[in-house]
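Below, chain A is the first sequence line, B the second, and so on; all start at residue 1.
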Amino acid sequence: MTSHRLSRADLAGPADRVAPLLLGAVLESGGPQRSSGSVAVRITEVEAYGGVGVDPASHAHRGRTNRNATMFGEPGHLYVYFVYGMHWCANVVCGEASEASAVLLRAGEVLWGKEVARERRGGPRPDRELARGPANLAVALGITGDDSGLDLMGDGSEIRLRPRQAGAAAPDEIACGPRVGIRHAADRPWRWWIAGDPTVSRHPGVRIDRPR
DNA sequence: GCGACGATCTCA
DNA sequence: GAGATCGTCGCC
């Protein structure tokens with residue numbers, strides 16, 4: 001246990017180095033800690049996305065646009081984008097400002113605020129599924145496009161990022177593999193997750209589709 | 001201005 | 001295996 005806040009400097013490294021550091025970190029949304037309405041998620045699965053020109057799978061690959069503008073800003077800010085006409089996905093901006101890299105938060109374990117999260121997910125659901133998958137994680141935390149650009153490192157921020165506790169998610173418990181759902185640079189092993197954690201969205205080689 | 005497609009999820 | 005559903009971006 002530590003009161004050390006994850007610093008902006010910690011996030012200023014390259015996405016593929018920052019990403020595994022975020023495993024075990026806690027993202028909290030809403031009012032004061034553990035007050036009603038507040039939801040906290042321990043991050044269990046992430047993906048790194050590089051910046052301009054270096055990562056064909058990244059939104060920033062072709063340069064700055066209106067949508068990805070937040071990625072070009074300070075590390076430690078929240079980048080939220082809309083996909084498939086219905087889902088929001090949350091990222092932590094990292095790297096040096098203007099580098100435009102980010103870490104997609106793919107899954108987490110809801111630590112508190114489970115009932116709020118369950119309501120937002122729209123009905124009865126096992127705890128481990130409350131924030132499993134990037135779109136579901138955003139729903140559980142109540143994150144939408146309105147939150148894009150928020151400073152996650154600010155004490156008074158609506159959404160806050162806290163470092164993982166000492167000892168949690170030790171390196172030998174971290175697994176990595178290819179990113180999910182992308183076409184370009186699909187072989188780059190830039191997805192990290194906490195090995196064996198039931199809240200991770202997909203495990204390699206494990207079929208999660210229901211059998212027909 | 002238009003059209004194709006996507007860092008997904010759910011149900012069958 | 002496919003549908004839901006719409007903002008974004010590249011290209012005409």
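Inter-residue side-chain proximity for A/D55 and A/R188 is flagged as met; some heavy-atom pair is nearer than 4.5 Å. With a 4.5 Å cut-off on side-chain heavy atoms, A/I43 and A/L161 count as touching. A 4.5 Å side-chain heavy-atom check between A/I143 and A/L78 finds at least one atom pair inside the cut-off. Residues A/R191 and A/V200 have side chains in contact (heavy-atom distance under 4.5 Å, counting atoms from C-beta outward). For the pair A/I194 and A/R42, the minimum side-chain heavy-atom distance is below 4.5 Å. When side chains are defined from C-beta on, A/I159 does not count as touching A/L141, because their heavy atoms never get closer than 4.5 Å.
Here the rule is side chain to side chain donor-acceptor pair (under 3.5 Å) with A/S201, and of A/E129, A/R106, A/R132 only A/R106 fits it. Here the options are A/V139, A/L105, A/L104, the test is side-chain contact (heavy atoms from CB on, under 4.5 Å), and the partner is A/P134; only A/L104 passes.
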Pairs under 3.5 angstrom only: tabulate donor-acceptor contacts from the side chains of residues 87-102 of chain A to other protein residues two or more places apart or in another chain.
{"unit_1": "A/N91", "atom_1": "ND2", "unit_2": "A/Y79", "atom_2": "O", "d": "3.1"}
{"unit_1": "A/E99", "atom_1": "OE1", "unit_2": "A/E96", "atom_2": "N", "d": "3.3"}
{"unit_1": "A/S101", "atom_1": "OG", "unit_2": "A/C94", "atom_2": "O", "d": "3.3"}

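Under 4.0 angstrom from either OP1 or OP2 of B/dT8 there lies no side-chain N or O belonging to A/R202.
A/H184 places no side-chain N or O within donor-acceptor distance of the main-chain N or O of A/A57, the cut-off being under 3.5 Å. In this structure, A/E158 contributes its side chain and A/D147 its backbone to no donor-acceptor pair below 3.5 Å. In terms of modelled atom types and a separation under 3.5 Å, the side chain of A/R64 and the main chain of A/M71 share no donor-acceptor contact.
Rounded to whole Å, the distance from NE2 on A/H184 to C1' on B/dA7 is 12 Å. The distance between atom CZ of A/R191 and atom P of B/dT8, rounded to the nearest whole Å, is 11 Å.
Within the structure, side chain to side chain donor-acceptor pair (under 3.5 Å) contacts touching residues 13-23 of chain A (residues at least two apart or in different chains) do not occur.
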Query raised in the report: Where along nucleotides 4-10 of chain C does protein come under 4.0 Å, by heavy atom, of base (B) or sugar-phosphate alone (S), with - for untouched nucleotides?
Result: BBBSSSS
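A heavy atom closer than 4.0 Å to some atom of DNA chain C occurs in no member of residues 114-140 of chain A. Taking every heavy atom of residues 48-56 of chain A and every atom of DNA chain B, pairs under 4.0 Å involve A/Y49, by number.
Heavy atoms of A/I182 sit under 4.0 angstrom from primed sugar atoms or phosphate atoms, though from no base atom.
Paired regions of DNA chain B, where each region holds three or more successive Watson-Crick or G-U pairs whose two hydrogen-bonding distances fall under 3.5 Å, are B:1-6 with C:6-11, B:8-11 with C:1-4.
Taking the P atom of each, B/dC2 and C/dT5 are spaced 23 Å apart, rounded to whole Å.
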